[in-house]
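Below is one structure, written out as structure tokens; comments come after it.
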Amino acid sequence: MKELPASQAYRVLEPGPIVMVSTSDNGKPNVMTMGFHTMIQHDPPLIGCVIGPWDHSYQALRKTGECVIAVPGLDLAETVVDVGNCSGDRVDKLQRYGLMTQPARDVSAPLLRDCLANIECRVVDTRLLDPYNLFILEATRIWINENRKERRMMHHRGDGTFTVDGGTLDLKDRMVRWRHLP
Ligand SMILES: Cc1cc2nc3c(=O)[nH]c(=O)nc-3n(C[C@H](O)[C@H](O)[C@H](O)COP(=O)(O)O)c2cc1C
């Protein structure tokens with residue numbers, strides 16, 4: 001077998017769909033791309049997100065404690081990569097990339113209208129920020145956009161290449177131990 005450096009474990013264990021994170025700092029909305037996220041707990045629903053302190057979004061999230069995690073479909077692929085290659089410090093990314101927004105219910109960060117799903121989140125634990133830049137977020141509301149035709153999500157392989165969702169495999173009948181999950 002070919003050996004990969006241990007530092008590239010993330011390329012093997014993809015963390016989930018590539019997402020965009022919106023924040024709002026002093027009324028100025030911004031958006032970044034994020035691949036390093038993971039579900040932590042079902043109830044209350046906790047999500048772990050690694051956001052580097054070099055990102056403008058880090059400062060906004062630390063200050064406001066609020067964000068939206070938006071899941072884009074394949075039709076937004078190029079935008080997702082471009083959004084992750086520039087900073088809200090310098091450009092208004094929502095305007096530059098024509099991302100339409102609408103107000104969220106619980107948080108100041110905006111929902112991204114063209115995404116498949118938007119999750120409103122509040123920061124509930126910052127203890128792992130110093131060692132790992134890991135925000136623990138609680139999802140407070142989820143909005144699904146059922147009008148998007150393109151429903152395939154993208155999974156980042158760590159180097160600017162992506163695996164795209166294929167078919168759905170329904171093995172619910174075998175999930176005997178986990179039927180209680182919503
Ligand atoms: C595919 C992709 C995945 C990324 N994943 C992350 C991530 O998980 N965490 C992070 O801090 N930055 C990640 N980035 C980088 C940020 O999106 C990038 O630094 C962004 O420009 C920050 O924007 P901001 O300064 O406006 O917050 C990723 C970029 C790309 C293109």
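Note that these values count all heavy atoms, side chains included, but never hydrogens, waters or copies made by symmetry. Just so you know, ligand 1 is whichever comes first in the structure, and atom 1 is the first atom listed for that ligand. Computed from a predicted model, the values in this text were never measured in an experiment. Numbers for residues simply follow the sequence, beginning at 1.
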Examine [X] against ligand 1 and note whether any of their N/O atoms are separated by less than 3.5 Å.
| X | result |
| --- | --- |
| Val50 | yes |
| Ile51 | no |
| Gly52 | yes |
| Asp89 | no |
| Phe162 | no |
| His156 | no |
| Trp54 | no |
| Phe36 | yes |

Arg179 CZ: over 12 foreign heavy atoms closer than 6.0 Å =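 More than 12 within 6.0 Å, yes.
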CE (Met100) with more than 12 external heavy atoms under 6.0 Å |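 Open.
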In terms of residue, atom name and distance, what is the protein heavy atom nearest to [atom]?
| atom | answer |
| --- | --- |
| atom 22 (C) of ligand 1 | Asp55 OD1, 3.1 Å |
| atom 3 (C) of ligand 1 | Ile18 CD1, 3.7 Å |
| atom 31 (C) of ligand 1 | Asn85 ND2, 3.7 Å |
| atom 15 (C) of ligand 1 | Gly84 O, 3.8 Å |
| atom 5 (N) of ligand 1 | Gly35 N, 3.0 Å |
| atom 25 (O) of ligand 1 | Ser87 OG, 2.7 Å |
| atom 20 (C) of ligand 1 | Cys86 O, 3.6 Å |
| atom 2 (C) of ligand 1 | Thr33 CG2, 3.6 Å |

Looking only at heavy atoms of Val83, does any of them come nearer than 4.0 Å to an atom of ligand 1?
->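 For ligand 1, residue contact (heavy atoms, under 4.0 Å) with Val83 is present.
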Any His37 heavy atom less than 4.0 Å from ligand 1 =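 It does not; every heavy atom stays at 4.0 Å or beyond.
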Sub-4.0 Å atoms of ligand 1 with respect to non-hydrogen atoms of [X]:
| X | value |
| --- | --- |
| Gly88 | 24 (P), 25 (O), 26 (O) |
| Asn30 | 24 (P), 26 (O), 27 (O) |
| His56 | 24 (P), 25 (O), 26 (O), 27 (O) |

Hey, could you give me each pair passing ring-ring contact (aromatic ring centres under 6.0 Å, His included) that has a residue in residues 59-91? Not counting sequence neighbours.
->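 Residue pairs passing ring-ring contact (aromatic ring centres under 6.0 Å, His included), neighbours aside: none found.
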Testing the basics here: between [X] and [Y], what is the closest heavy-atom pair and its distance to 0.1 Å?
| X | Y | answer |
| --- | --- | --- |
| Leu137 | Cys49 | CD1-SG, 3.5 Å |
| Met34 | Ile51 | SD-CG1, 3.9 Å |
| Ser87 | Lys93 | C-CE, 3.8 Å |

Starting at CG of Asp92, measure out to NZ of Lys28 and round the result to the nearest 0.5 Å.
->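 Output value for this atom pair is 6.5 Å.
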His56 and Asn30: side chain donor to acceptor below 3.5 Å =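 Per modelled atom types, His56 and Asn30 side chains form no pair under 3.5 Å.
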Just checking, any donor-acceptor pair under 3.5 angstrom between side chains of Asp159 and Thr161?
->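 Per modelled atom types, Asp159 and Thr161 side chains form a pair under 3.5 Å.
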Can you tell me if Asp170 uses its side chain to pair, donor with acceptor, with the backbone of Lys172 under 3.5 Å?
->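 Checking the backbone N and O of Lys172 against the side chain of Asp170, a donor-acceptor pair under 3.5 Å is found.
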Spell out, as yes or no, whether a donor-acceptor pair under 3.5 Å connects the side chain of Gln102 to the backbone of Pro110.
->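 No, because the side chain of Gln102 does not come within donor-acceptor range (under 3.5 Å) of the backbone of Pro110.
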Starting from the C-alpha separation in whole Å, work towards a yes-or-no answer on side-chain contact (heavy atoms from CB on, under 4.5 Å) for Ile18 and Thr33.
-> CA-CA 7 Å; Ile18 193 75; Thr33 299; 3.7 Å; yes
Counting only pairs under 3.5 Å, give me each side-chain donor-acceptor contact of residues 64-79, with atom names and distances, residues two or more places apart or in other chains.
unit_1, atom_1, unit_2, atom_2, d
Thr64, OG1, Ala60, O, 2.8
Thr64, OG1, Glu66, N, 3.3
Thr64, OG1, Glu66, O, 3.4
Glu66, OE1, Ser108, N, 2.7
Glu66, OE1, Ser108, OG, 2.9
Glu66, OE2, Arg122, NH1, 2.9
Asp75, OD2, Arg148, NH2, 2.5

